[in-house]
Student: 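Just passing along the structure, written as structure tokens.
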Amino acid sequence: MKSPLLSLPGAVPAEGVDEGVAAHYGDLFREQRALADGAGFVDLSHRGVVAVTGDDRLSWLHLLLTQHVSDLPVGQATEALVLSANGHIEHALYLVDDGTTVWAHVEPGSQEALIAYLESMKFFYRVEVADRTADTAVVHLPAGSIAQAPDSAAVRETPYGRDLFLPREELEAFAAQAGPAAGILAHEALRVEQHRPRLGFETDHRTIPHELGWIGTAVHLQKGCYRGQETVARVQNLGKPPRRLVFLHLDGSEVHLPPNGAEIRLADDGPDGRKIGFVTTSVRHHELGPVALALVKRNVPVDARLLAEETAAAQETVVEP
């Protein structure tokens, strides 16, 4: 959905999966610094919104998701995954229950497939699942923000800030008093700095939660059965994931950032060496310079110097080998 906030001064539309909101409003680093200081907001109104109502909503979701949500307190934020039968990540949900409704925002365009899966699992449970993307906009307020959330919004508060599920008709009025606006690129830069994975960026068709550090934050290890649990338990108890997430400091002298999917090799092997991983998200950070998240093979030494295509990179460990 195309956001009305693209009419704000300086707005440059985002492309790809984030199409529909602003990439930036004319000054990427200023927008990053404002968010880091707890000022402004990010328009995430392109994200999918799913609402689950009914008396059985929490106990039912508990059976389907990787997170323990059967006793989720009202107003407490959490995140959860939907896995395939083989334990691969299919959906990532960012949840809060407001006392009558579980609200979740998901990757743009992914809500239809998620809802189809949820509908197929309703059976006799007293639940209703609805796509609320058309009438509900997600807005992010950074940690430290003193902006007031409207009474009409469901609020999901995390260490990184507050996600508001705002009636879409109120988006422009809220933006007028919550500014300055920051684009999705500023939001992404802070996400990378915080080592937080994103579905479709840090994941591919075979990603399992252990590779990205989603164990604990999105996967609860002491809950009952859910699809894909066997893989989670086997890797947790008997083995190691085949890959691990790393944070990369990129050579700042390069003009271009290595794109998503850029192949990573050991620097000692040169650009013709064996592929050992790939870049998942690369950004320009207002303090750290060019940085990235990447997936590499688990056995890559933690102190190894890397090449992301032609760009030299030093790694920081996110997921232990």
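Residue numbers count from 1 along this sequence. These numbers come from the heavy atoms of this one structure, side chains and all, not from hydrogens, waters or symmetry mates.
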Student: Can the positive tip of Arg196 be found less than 6.0 Å from the middle of the six-membered ring of Tyr160, inside 45° of the ring normal?
Tutor: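 Geometry flag: set, cation within 6.0 Å and 45°.
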Student: For the residue pair His249 / Glu316, report whether a side-chain donor-acceptor contact shorter than 3.5 Å exists.
Tutor: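 Side chains of Glu316 and His249: pair found under 3.5 Å.
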Student: Has the side chain of Gln67 got a donor or acceptor atom that lies under 3.5 Å from a matching backbone atom of Glu79?
Tutor: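 Yes; judged by distance alone, with no hydrogens or angles, the pair exists.
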Student: Any sub-3.5 Å donor-acceptor pair from Ser84's side-chain atoms to His88's backbone N or O?
Tutor: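 Flag set: sc Ser84 to bb His88 pair under 3.5 Å.
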Student: When you measure from the side chain of Asp131 to the backbone N and O of Thr133, does any donor-acceptor pair fall under 3.5 Å?
Tutor: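 Yes; at least one donor-acceptor contact below 3.5 Å.
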Student: Judged by modelled atom types alone, do Glu170 and Ser152 share a side-chain donor-acceptor pair under 3.5 Å?
Tutor: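 Side chains of Glu170 and Ser152: pair found under 3.5 Å.
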Student: Please answer whether the main-chain N or O of Ala116 pairs with a side-chain N or O of Glu119 as donor and acceptor at a distance below 3.5 Å.
Tutor: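 Checked: no pair found.
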Student: Is any side-chain heavy atom of Val102 closer than 4.5 Å to one of Trp60?
Tutor: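 They are not in side-chain contact.
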Student: What I'd like to find out is whether the side chain of Leu93 reaches to under 4.5 Å of the side chain of Leu81, using heavy atoms alone.
Tutor: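 Counting from C-beta outward, Leu93 and Leu81 never come under 4.5 Å.
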Student: Decide, yes or no, whether a salt bridge links Asp163 with Arg47 under the criterion of side-chain N to carboxylate O below 4.0 Å.
Tutor: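 The answer is no: the pair does not qualify as a salt bridge.
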Student: Backbone N or O of Leu65 within a donor-acceptor pair of the Lys223 side chain at under 3.5 Å?
Tutor: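 The answer is yes, because a donor-acceptor pair under 3.5 Å joins these two groups.
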Student: Parallel, tilted or perpendicular: which one describes the rings of His140 and His187, with boundaries at 30° and 60°?
Tutor: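 The arrangement is perpendicular - the two ring planes meet at more than 60°.
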Student: Quick one: sort the Phe174 and Phe41 rings into parallel, tilted or perpendicular, breaks at 30° and 60°.
Tutor: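 Perpendicular.
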Student: Does the side chain to side chain contact (heavy atoms under 4.5 Å, CB included) test come out yes or no for Ser145 and Arg162, once each step is laid out?
Tutor: CA-CA 9 Å; Ser145 170; Arg162 287 174 288 163; 3.6 Å; yes
Student: So, do Arg30 and Pro180 sit near enough that their side-chain heavy atoms are less than 4.5 Å apart?
Tutor: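 Side chain of Arg30 against side chain of Pro180, heavy atoms only: contact under 4.5 Å found.
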Student: Under a 4.5 Å cut-off applied to non-hydrogen side-chain atoms, are Leu295 and Leu212 in contact?
Tutor: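 SC-SC contact between Leu295 and Leu212 confirmed.
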Student: Does the Glu31 side chain pair with the main chain of Ala186, one donor and one acceptor, at a distance under 3.5 Å?
Tutor: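 Flag not set: sc Glu31 to bb Ala186 has no pair under 3.5 Å.
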Student: Counting C-beta onward and ignoring hydrogens, is there a side-chain heavy-atom pair between Arg243 and Val319 closer than 4.5 Å?
Tutor: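 Not touching, per the 4.5 Å side-chain cut-off.
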Student: Regarding Glu128 and Lys122, does a basic nitrogen lie under 4.0 Å from an acidic carboxylate oxygen?
Tutor: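 Judged by the 4.0 Å cut-off on N to carboxylate O distance, Glu128 and Lys122 do form a salt bridge.
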Student: Would you say the side-chain atoms of Asp251 and Ser253 include a donor-acceptor pair closer than 3.5 Å?
Tutor: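 Per modelled atom types, Asp251 and Ser253 side chains form a pair under 3.5 Å.
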Student: Are any of the side-chain heavy atoms of Arg298 and Pro321 separated by less than 4.5 Å?
Tutor: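 In contact.
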Student: Quick one: does Tyr94's side chain get under 4.5 Å of Thr158's, heavy atoms only?
Tutor: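 No, too far: nothing below the 4.5 Å cut-off.
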Student: Any side-chain heavy atom of Arg227 within less than 4.5 Å of one from Leu64?
Tutor: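 They are not in contact (no side-chain heavy atoms under 4.5 Å apart), so the answer is no.
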